[in-house]
Amino acid sequence: MVNKKEMGKKKVKKRRNGRSPYRWLLLIPIQLLLNKVILIIGLYVDSKIMEPKPGAQGHGAPFITFFAIAAAFWLTIIITIIAIRRMIVDIKKRKYEEDPVAELDEKLCLVMATENDIQDLHRIQVESFMPLYEKYHDDISPALETIEKLKEKMQQSKRKYAFIQVDGIRVGFIGFDVREYDNDASCRISPICVLPRYQNMKIGFVSIVKAINTFPTVKIWRLSTISEEAGNCHLYEKIGFVRVGDKEVVNENMSLVNYEYRRKE
C-alpha cells in the first residue's frame with residue numbers, strides 16, 4: 001500500500017477554535033436537570049389541582065405529572081440523539097481540517113470502464129486536454145485523438161481505463177498500460193485527465209494514489225507530462241515520482257518530461 005506520509009504529503013494545520021467536539025455531551029446532564037424542573041413543576045401543578053375543595057369528593061388524577069414524566073423521557077431521548085450526532089459530525093469535521101485529502105479520499109473511487117463507455121471517455125478526454133492544446137498547439141495532444149483511435153486502444157488486452165468518480169459523478173479518468181516482465185510488472189499511466197471545472201481540487205493526487213493501491217503487483221509506475229506545467233510536475237513529485245531521462249522536445253513551446261515511481265518493498 002502507498003503510505004501518504006512516504007509520499008511527502010503536507011498536512012494543512014487545522015484552525016483551532018478551542019471548542020471540543022465532545023462539548024455536545026454537556027447537553028445530556030443539562031437535560032437531566034431540566035427533567036427535574038419539569039417534574040417539580042408537574043408535581044406542584046398537580047398538588048394544586050388535587051387540593052380537596054369544600055364539598056368535593058375524591059381527588060383528581062395527577063395527569064400533569066404523568067405528562068411531565070413522558071415529556072422528560074422523550075426529551076432525554078431526542079437531546080441524547082442530537083448530542084451524539086453533532087459530536088460525530090464535529091469529530092469528522094476536525095479530522096478533515098487536519099487532513100483535507102481524507103474527505104475526498106472517502107468520496108472518490110475508480111470504476112473500470114467498458115467499451116460501452118467510449119463516448120463518455122472521449123468527451124472527457126477532449127474537454128480535459130483542449131485547454132492545454134490551445135496553449136501549446138502540440139500535434140500529439142490527446143484532445144486531437146479520434147474516438148476510433150481511443151476505441152482501438154481500449155481493445156488492447158494490456159490497456160485498462162478507469163473513471164474517476166466523486167460522489168458518483170464522472171469527473172475524469174485514468175488510462176493504464178500494464179506490462180509484465182519476469183513475474184514483475186510495470187504500468188504507464190496514459191492519460192490521466194480531469195475535467196477543467198474539477199481541477200485544482202486534489203482529485204489527481206487522490207486518483208493516482210488509489211490507482212497505485214489498486215494494482216499491488218505493479219512495482220514500477222511511469223508517466224509523462226508537460227515540463228512547462230509546473231503544477232503537474234509538483235503533483236507527481238509530491239506523490240513520490242522522480243524525473244528520469246532527458247526532456248523530449250515537442251515544439252518550440254513545449255517539452256515532455258518522464259517520471260517514474262518505484263514501489264517500496
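- Between D167 atom CG and E106 atom CD the span is 10.5 Å, to the nearest 0.5 Å.
- How far CG of D139 is from CG of L144: 7.0 Å, rounded to the nearest 0.5 Å.
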Inset, instruction - Please test L108 against S207 for side chain to side chain contact (heavy atoms under 4.5 Å, CB included), starting from the C-alpha separation and ending with a verdict. - result: CA-CA 8 Å; L108 187 148; S207 299; 3.6 Å; yes
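- Residues P29 and L25 come closest through the heavy atom pair CD-O, 3.1 Å.
- Listed here is the closest heavy atom pair of R188 and S224: NH1-OG, 3.1 Å.
- Counting only distance, with no hydrogens or angles, the side chain of D120 and the backbone of D117 share no donor-acceptor pair below 3.5 Å.
- The backbone N or O of V257 lies less than 3.5 Å from no partner atom in the side chain of E248, so there is not a single donor-acceptor pair.
- Across L121 and A113, no two heavy atoms sit closer than the pair CD1-CB, 4.0 Å.
- Counting only heavy atoms from C-beta outward, the side chains of W221 and I189 approach each other to under 4.5 Å.
- Side-chain contact between V242 and E237 is absent, with no heavy atoms from C-beta onward closer than 4.5 Å.
- Side-chain contact between L75 and I38 is present, with heavy atoms from C-beta onward closer than 4.5 Å.
- At a threshold of 4.5 Å between non-hydrogen side-chain atoms, the residues Q125 and M130 do not count as touching.
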Legend entry - Verdict with reasoning, W24 to I84, per side chain to side chain contact (heavy atoms under 4.5 Å, CB included): CA-CA 7 Å; W24 294 102; I84 292 175; over 6 Å; no
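- Atom CG of D246 and atom CG of L256 lie 13.0 Å apart (nearest 0.5 Å).
- Both V209 and L104 are assigned to one and the same hydrophobic cluster, defined by single-linkage of ILVMFWY side chains at heavy-atom distances under 4.5 Å.
- No single ILVMFWY cluster, assembled from side-chain heavy atoms under 4.5 Å apart, contains both L26 and I77.
- Both F205 and F173 are members of a single hydrophobic cluster when ILVMFWY side chains are connected at heavy-atom separations under 4.5 Å.
- Summarising the geometry of S128 relative to L195, their closest heavy-atom pair is OG-N, 3.4 Å, with the distance given to 0.1 Å.
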Inset, instruction - Apply side chain to side chain contact (heavy atoms under 4.5 Å, CB included) to the pair Y261 and I220, showing each step before the final yes or no. - result: CA-CA 6 Å; Y261 173 88; I220 303 173; over 6 Å; no
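- H122 contributes a side-chain N or O that, together with a main-chain N or O of E145, makes up a donor-acceptor pair within less than 3.5 Å.
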Legend entry - Pair R222-S186, side chain to side chain contact (heavy atoms under 4.5 Å, CB included): steps then yes or no: CA-CA 8 Å; R222 297 185 176 92; S186 69; 3.4 Å; yes
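- The structure places NZ of K247 at 12.0 Å from CD1 of I226, a figure rounded to the nearest 0.5 Å.
- For E115, the CD atom sits in a packed shell: over 12 heavy atoms of surrounding residues, nucleotides or ligands are nearer than 6.0 Å.
- Side-chain contact between C187 and V178 is present, with at least one heavy-atom pair separated by less than 4.5 Å.
- Both Y198 and V166 are assigned to one and the same hydrophobic cluster, defined by single-linkage of ILVMFWY side chains at heavy-atom distances under 4.5 Å.
- The two residues H137 and N251 have their closest heavy-atom pair at O-ND2, 3.6 Å.
- For S227 (side chain) and S255 (main-chain N/O), a donor-acceptor pair under 3.5 Å exists by modelled atom type.
- Counting only distance, with no hydrogens or angles, the side chain of D138 and the backbone of V250 share no donor-acceptor pair below 3.5 Å.
- Side-chain N or O atoms of R263 include one that pairs as donor or acceptor with a backbone N or O of V218 at under 3.5 Å.
- Using a 4.5 Å heavy-atom cutoff, the side chains of I147 and Q119 are in contact.
- For the pair K153/K149, a side-chain contact is recorded, criterion being any heavy-atom separation below 4.5 Å from C-beta on.
- The residues K135 and E228 are annotated as not salt-bridged, no charged nitrogen and carboxylate oxygen being separated by less than 4.0 angstrom.
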Legend entry - Intermediate values then yes/no, side-chain hydrogen bond (donor to acceptor under 3.5 Å, both in side chains), E229 and Y136: CA-CA 11 Å; E229 292 295 313; Y136 295 107; 2.5 Å; yes
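- Under the 6.0 Å distance and 45° angle rule, R243 does not count as a cation-pi partner of Y259.
- Between T217 and A185, the shortest heavy-atom contact is O-CB, 3.8 Å.
- Atom CG of L110 and atom CZ of F163 lie 11.5 Å apart (nearest 0.5 Å).
- Under the 3.5 Å distance criterion, the side-chain polar atoms of R85 are left unmatched by any main-chain donor or acceptor of I82.
- Without hydrogens or angle criteria, Q199 side chain to V194 main chain gives a donor-acceptor distance under 3.5 Å.
- Side-chain contact between I81 and I78 is absent, with no heavy-atom pair separated by less than 4.5 Å.
- The distance from atom CG of L27 to atom CE of M87, rounded to the nearest 0.5 Å, is 11.5 Å.
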Legend entry - Test log, rule salt bridge (Lys or Arg N to Asp or Glu O under 4.0 Å), inputs D105 and K210: CA-CA 9 Å; D105 187 59; K210 281 186 178 291; 3.5 Å; yes
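- Connection of F215 to V111 is not established within any shared hydrophobic cluster, with ILVMFWY side chains joined at heavy-atom distances below 4.5 Å, either directly or through further cluster members.
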